[in-house]
There are 2 protein chains.
Amino acid sequence: MTTSSNGDQEITTKRSAGGGGGGVILGLDGGTTSTVCVCVSASLLSSSSLCHRQIPILSRAIAGCTNHNSVGETAARETLEKVMAEALSKADSNRSDVQAVCLSVSGINHPSDQQRVLEWLRDLFPSHVKLFVENDSVAALASGTMGKLHGCVLIAGTGSIAYGFAEDGREARAAGAGPVLGDWGSGYGIGAQALTAVMRAHDGRGPQTALTNSILNMLGLSSPDELIGWTYADPSWARIAALVPIVVSCAEDGDELASKILRDAVQELADSVKAVVQRLGLCGEDGQALFPLVMVGGVLKANKSWDIGKEVVDCISKVYSGVHPIHPEVEPAVGAAMVAWTRYVKASQCDDGS
Amino acid sequence: MTTSSNGDQEITTKRSAGGGGGGVILGLDGGTTSTVCVCVSASLLSSSSLCHRQIPILSRAIAGCTNHNSVGETAARETLEKVMAEALSKADSNRSDVQAVCLSVSGINHPSDQQRVLEWLRDLFPSHVKLFVENDSVAALASGTMGKLHGCVLIAGTGSIAYGFAEDGREARAAGAGPVLGDWGSGYGIGAQALTAVMRAHDGRGPQTALTNSILNMLGLSSPDELIGWTYADPSWARIAALVPIVVSCAEDGDELASKILRDAVQELADSVKAVVQRLGLCGEDGQALFPLVMVGGVLKANKSWDIGKEVVDCISKVYSGVHPIHPEVEPAVGAAMVAWTRYVKASQCDDGS
């Protein structure tokens, strides 16, 4: 057995085939930029081990985007297959060892999306394997609550979404509809607003901003006119979202337009969470009940002085004082594995009992 | 010779090869949705004939989008070649009859764009043919000023742009940077805002709106969740812009959100024109000089009671009372032909004089 470190999280790599004989579980987190797959030992997981330091992670693999809305169905499917094969190979396992898979991926917005992706997985695994397909926010929530689906998660990376579960299993979401449909709190939304501010300053519709020089320098362009060609040369949302650190940096240096873009994003993100909390009644009858808010994604990470995540929590707590922010110590793919394991155990118990 | 009618405009179809022996001129207007090519007789055009009813149009052909930012370079080039071949064939002409071509197409935002598209054309025609490549707003302006490049044009179709020329030849533009870079006054912008309003009403972030039922009915969808799949199934900007009539209709029926979306679009469009007028000094030193504002595109066409074009002019005239709106009687492709002809004659005179 070897132990390696992956950021905050320890990966315990077991070199026994098939996860110690009891099979393995795959947890996948497919965001708008990349897809992570972890392989955990099914036999070594137990409810008492759901503390993040004891999760028996055998391996981890990473690949590109698997949101079919963003990269198309063929590419999404190929990437998915590849990342699972790599994770299994690194764990000295193969498909026949797999007991359950939870794929939590962005772009799952409707039962028909879920059904289609389930069929992709069904083609790859024998019929006894338990398969679960969810929106990527489910894994993110579970990563902060150690597998329990209760509370709200706010993801703000390239895309943004708020997703929640009530104790009785009801679900609600807000935003998460991608850039065309107004996810202005996302990294993409912040980047696109920054580019727009540069264009407006350039053609005289808007005030001058430090964003102009900062963005042109970063992209190696000499004039805002060239931004048009740059923007449409590649439809990937992630490269627009990659401008967020520049916007934060300009805001920290006092640029008024950059600050306004971030304040607007904070408002959008807080509105998404408030809509979910309201619909599910997570705040209780008096509006003051405690509820977990799992915070995930690069946009919510703390910066030098402009901390978007902190501002979002402050904004929510003015209305719902019981908000309890959680910054997960494991990554969403591990959350997906915990969801798969919980449901697998439950389904096995049902099978045994019937 | 036969005469047929095309909307407001008469097309005089001459069946003599090569436009009466003096060759032909091609004018092309490439918008974000379609491309129109007209073939006019070079010998029958004269400065005295620049009244729209006497323009010797031999033929007209129409094809898909030729904006390389929207459909990619290969598709744009193929469509361009096809639409010119069709116009020439309909005029009983061929490439060897062509004296000059003006291609005025959206997506030309930088000298490097212009150079690339010029090279496509250069591959198709002998070296003596005069070739001109411009942003699509140049043809639109010329269609309202009978070929004279002075004043401002506002285009609001699928995309939007304000473009102007001063008497001394200086040019300026505002907006026209596509949907990612904040063209919120465009048909695409209006459509995307309407879709966003539906999503916000659905997930509890925003108020209810009549847009929800109207849009779902038009698209044959049963729930706003299905809008996400619909939106990203096809990256074409035109299908989002096709929602504009629904937004206008809801606004006319009193829906507050639809009205707000249109009011915001009016402000965006007026701001674009004002920026161009200001930079070029089209309003004169006292700010009250007369200047033409050519208005082109489906968004600016009059509706039952909510007239976006009229509202834009009202908004501009509060600042620049000399604004003189022109709704062209010929289409932009004819404007492109007039630009090609004017420059061709000028170049020929220079050649003769040297």
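Here is how names work: the chains are called A, B, and so on, in the same order as the sequence lines, proteins then strands, and each is numbered from 1.
- The contact between Ala175(A) and chain B is made by backbone and side chain atoms together, counting heavy-atom distances below 4.5 Å.
- With chain B as the partner, the residue from Gly182(A), Ala174(A), Gly178(A) showing the most heavy-atom pairs under 4.5 Å is Ala174(A).
- Among Asp113(A), Val276(A), Asp183(A), Leu195(A), the residue making the largest number of heavy-atom pairs under 4.5 Å with chain B is Leu195(A).
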Next on the checklist: Let's go through Trp237(A) and Val180(B) carefully: what are the C-alpha distance in whole Å and the side-chain angles of both, what is the deciding distance for side-chain contact (heavy atoms from CB on, under 4.5 Å) to 0.1 Å, and is it a yes or a no?
Outcome noted: CA-CA 10 Å; Trp237(A) 301 340; Val180(B) 179; over 6 Å; no
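- Remark: side-chain polar atoms of Arg279(B) are paired, donor with acceptor, to backbone N or O of Asp203(A) under 3.5 angstrom.
- Across every non-hydrogen atom of Leu181(A) and Leu227(B), the tightest pair is CD1-O, 4.1 Å.
- Taking chain A as the reference chain and counting heavy-atom pairs below 4.5 Å, the highest number among Lys274(B), Glu73(B), Glu268(B) is found for Glu268(B).
- Residue Ser272(B) touches chain A through both its backbone and its side chain, counting heavy-atom pairs closer than 4.5 Å.
- Although no hydrogens or angles enter the test, the distance criterion places a donor-acceptor pair under 3.5 Å between the side chain of Tyr232(B) and the main chain of Ala177(A).
- Arg173(B) and Ile228(A) make their closest contact through NH2-CD1, 3.8 Å (heavy atoms, listed as atom of the first residue, atom of the second, distance).
- For a residue to count as touching a neighbouring chain, one of its non-hydrogen atoms must lie under 4.5 Å from one of that chain's; by this rule Pro179(B) touches chain A with backbone and side chain alike.
- When every heavy atom of Ala275(B) is checked against every heavy atom of Arg205(A), the shortest pair comes out as CB-CG, 3.9 Å.
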